[in-house]
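Because only heavy atoms are used, hydrogens play no part in the values below, and waters and symmetry mates are left out as well, while side chains stay in. We're numbering straight along the sequence, starting at 1.
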Amino acid sequence: MGRPGKKEGGRGAEACRTLTHSYDASQGYAALRGQEWVLSNGLGGFAMGTAAGVPTRRYHAMLIGATKPPVGRVAALNAMVERVEFSQRVVEFATLEFKKENDRSEPVVHPDGISRLCRFEFEQGVLARWVYGAEGLEFTRELVLYAGMSRVGLRYTLRRAGALGPMKLTVRPLLSLRDFHGLLSRAWAGTFAVSASKRDVEVGRNGHRLGMKVGAGAVGFVHDEQWWNDCFYREDSARGQDCIEDLFSPGHFEGVLAAEQDAAVFEIAACMGDGEAPEHGVELEMATRRARGAALAAATVPVGAAEGDAQVLGALARSADAFVVARQDRGAEPVQTGVSTIAGYPWFSDWGRDTFISLPGLLLATGRFDDAARELEGFARARRNGIIPNVFNDQTGEPEFNTADASLWFVHAACRWLEATGDRAGFESRFLESCLDVVQSYRRGTDFNIAMDPIDKLITAGTGATQLTWMDAQRDGVTFTPRHGKAVEINALWYNALRSLAGALSKQRGTMTADLSDLAGAVGRSFAAKFWNAKDRCLFDVLTPGEPTGWTPDASVRPNQVFAASLPHSALSIEQRRAVIACVTSRLLTPMGVRTLDPADPRYRGRYEGTLFERDSAYHQGTAWPWLLGPLAEAVLRAGEFSAASRVEARSLLEPVLHRIAPGPARAANGTCIGQIAEVYDGDWSEDQPQRAGGCPAQAWSIAEALRVLKMICA
């Protein structure tokens, strides 16, 4: 993927100077166990875990690799179990939880490394570090994920504080080599093959291989196979999922701190597939990642940004980089590596809708214009009948197309690329054909009943059994928010696409410009007439088809109307846009996001909790989404004509989520993912029951929208 674009301001270095988030062990095991972190490798693979060092999800592992970047992900190295032996004593540093299936008692914590943890430190996009102290020694574990390869580097530092004699460090890897959505059972013991030497080991299972070898320091490998049974994942348990796993260990690594040494450093590298060890060790990879983060911040922070905003923008730029990944573009000749966006960690792959909602924030706001162009081109080549893929299958990588809005967000993103670069020739040669194909396909009708109504020129889509908008929750045959017919945000995007394309065309395309402008005028008149709810002074959410040809307006108060006030082109009057903002702000706004349904609605679900079915049923029936704060804040800016007062108001809407990701040396654990913004929060909150993060702990469009709009405010 490309380097960040030209530096906009001189505040980038300052913005990146303070990067480490530090958590003191005095906050307690429960708090640190709930504090997550994630590092990505730019291929769809990642490392993820908790500040306590205990895995609480099946997705927590030191190395998850993408076998078909960015999908086909495999959990390879789940954990390391470290201990130090000296003077007939054994000191443990790892922490795991164990529990038998159907056992309702509290899990057993073993080993008890958490009792020796002093602090946890996390450098956004660089490393995770745990510092332990016990019985006259200090033990540090550092984890670095290598960029552009399925490789993790672990560096251990052992220091003595007294004359304790020689010390032996033992590091035992626990691994699974299974689909990252699954769980491993010891019943499959026969599927593992181990090949070991004195300094390295390779483990194979079901066509997947993990090689581990020593780096710096005097260490070696001892072949000693074990099974660690009944590992318990409490977050999976809370979601009503299977939560017990057995992990395999091929043996252990050993290192020695001699009696005359004050300190020793040992490195171990683990790599999936055929990858060879890189020429450089952990320290150089850290430096490379720090330099990349500084460059991203420098390209992001605008001239004149206040110091506080500059620091937050720098942190957001680092956070954004985690979601930008490589994708092998099979539609290109010759086959080449393209760019895509992981929608969220740990379980989402790259979704078209999320990609193009996120592109202006993740890529354009950070100066990555070439990456943005490659991402647009890659998805455009995968389109079918004018529809941009909704998602790429997480196992096969094949595109799936059930979406009505991804294609319209694609057009929006392409036009924003033109606005950011000023490259009209590049727009016309690379994106115009695809954008016009979307418009023509929607006009004449395409898959999933997506078509323009020939009478009012509005877009209708879907049936009662489909989920084609972003409110797409479906489980066990239940579609919770079908919203079929004429959805308000689909038609706001339709109007915006027509106006944006008309403005993007060169003067030589006058006939086409006039056609798009005429159609946009008709769409705008119909939109204002049919979606405006004069009684409640807001917009209807959807016009549902009736018999034989009637359309019934749905007066549910949802946030989808905000796009009619936030997009660059709106069919509403300024007074109507301000009324929409007032409605959304008064009835749907929470500190951490915008609710998906009015609390006064009998279908409202204020707490996002329970089984997967219960969570999906609340997903768009009251749960608050941080990403929606972006369009709401942008609507405020546009309605206020970007005045100083509107900037202050828009900034206040973002403040609670920005506070969660701001860099700082010492922070209290808050149960979220460090430096990231979660997918969703509870719709209800009080002093006794604060809003809890839910869904993916790290979500692309949550970060992208905060970054995009904060930069807009600062510009």
Side-chain angles (χ1 to χ4, degrees), residues 25-26 28-29 32-33 49-55 62 77-99 106-120 128-143 154-175 186 194 196 198-199 201 212 214-232 246-268 270:
S26 63
Y29 177 49
L32 296 181
R33 186 182 63 208
T50 67
V54 58
M62 291 180 167
L77 180 61
N78 294 70
M80 289 288 205
V81 178
E82 307 98 349
R83 60 166 54 179
V84 171
E85 301 174 34
F86 62 97
S87 302
Q88 298 183 329
R89 284 177 285 178
V90 176
V91 181
E92 303 275 7
F93 297 104
T95 304
L96 297 167
E97 293 187 341
F98 297 88
K99 192 174 184 178
E106 277 295 300
V108 175
V109 178
H110 173 80
D112 62 343
I114 187 63
S115 66
R116 300 175 183 90
L117 181 65
C118 299
R119 66 185 182 278
F120 172 74
R129 178 188 295 119
W130 294 262
V131 180
Y132 300 84
E135 303 187 36
L137 62 90
E138 181 183 271
F139 176 79
T140 301
R141 176 199 307 120
E142 294 173 298
L143 183 152
L154 290 156
R155 181 168 68 179
Y156 297 102
T157 304
L158 187 59
R159 301 180 187 277
R160 71 169 79 249
L164 301 176
M167 298 181 180
K168 183 174 76 171
L169 170 66
T170 300
V171 180
R172 177 174 291 278
L174 303 181
L175 50 91
R186 59 185 175 274
V194 179
K198 292 183 178 180
R199 294 183 63 82
V201 60
M212 290 172 283
V214 299
V219 294
F221 182 76
V222 177
H223 186 186
D224 173 26
E225 296 183 18
Q226 293 183 3
W227 278 88
W228 286 51
N229 302 324
D230 303 317
C231 299
F232 173 68
D246 306 324
L247 297 174
F248 174 70
S249 175
H252 64 268
F253 293 92
E254 292 182 351
V256 175
L257 175 63
E260 66 274 12
Q261 291 180 292
D262 293 327
V265 177
F266 313 98
E267 289 189 12
I268 299 172

If I take atom [atom1] from residue [X] and atom [atom2] from residue [Y], how far apart are they, to the nearest 0.5 angstrom?
| X | Y | atom1 | atom2 | result |
| --- | --- | --- | --- | --- |
| Phe253 | Thr170 | CZ | OG1 | 12.0 Å |
| Asp112 | Glu92 | CG | CD | 6.5 Å |
| Ile114 | Tyr132 | CD1 | OH | 6.5 Å |
| Arg116 | Phe139 | CZ | CZ | 11.5 Å |
| Glu142 | Leu154 | CD | CG | 10.0 Å |
| Leu257 | Tyr156 | CG | OH | 16.0 Å |

Of the non-hydrogen atoms in [X] and [Y], which two are nearest, and what is the gap between them?
| X | Y | answer |
| --- | --- | --- |
| Gly220 | Val214 | N-CG1, 4.3 Å |
| Trp227 | Arg186 | CZ3-CA, 3.5 Å |
| Gln261 | Ala258 | OE1-N, 2.8 Å |
| Phe221 | Pro250 | CZ-O, 3.7 Å |
| Val81 | Ala94 | CA-CB, 3.7 Å |
| Phe266 | Gly255 | CE2-CA, 3.8 Å |

How about [X] and [Y]: do any of their side-chain heavy atoms sit closer than 4.5 Å?
| X | Y | result |
| --- | --- | --- |
| Thr140 | Glu138 | yes |
| Met212 | Pro173 | yes |
| Leu143 | Met62 | yes |
| Thr95 | Leu117 | no |

Could you tell me whether the side chain of [X] and the main chain of [Y] form a donor-acceptor pair under 3.5 Å?
| X | Y | value |
| --- | --- | --- |
| Trp130 | Ala51 | yes |
| Arg172 | Asp224 | yes |
| Thr50 | Pro55 | no |
| Arg129 | Arg119 | no |

* Mind running side chain to side chain contact (heavy atoms under 4.5 Å, CB included) on Phe98 and Cys231 for me, showing each step along the way? => CA-CA 4 Å; Phe98 297 88; Cys231 299; 3.6 Å; yes
* Asked: So Val84 and Glu135, side chain to side chain contact (heavy atoms under 4.5 Å, CB included) or not? Walk me through it.
  -> CA-CA 11 Å; Val84 171; Glu135 303 187 36; over 6 Å; no
* To do: Take Val91 and Phe86, measure what side chain to side chain contact (heavy atoms under 4.5 Å, CB included) needs, and give me the verdict at the end.
  => CA-CA 9 Å; Val91 181; Phe86 62 97; 3.8 Å; yes
* To do: Tell me, with the steps shown, if Glu254 and Val222 meet side chain to side chain contact (heavy atoms under 4.5 Å, CB included).
  => CA-CA 8 Å; Glu254 292 182 351; Val222 177; 3.9 Å; yes
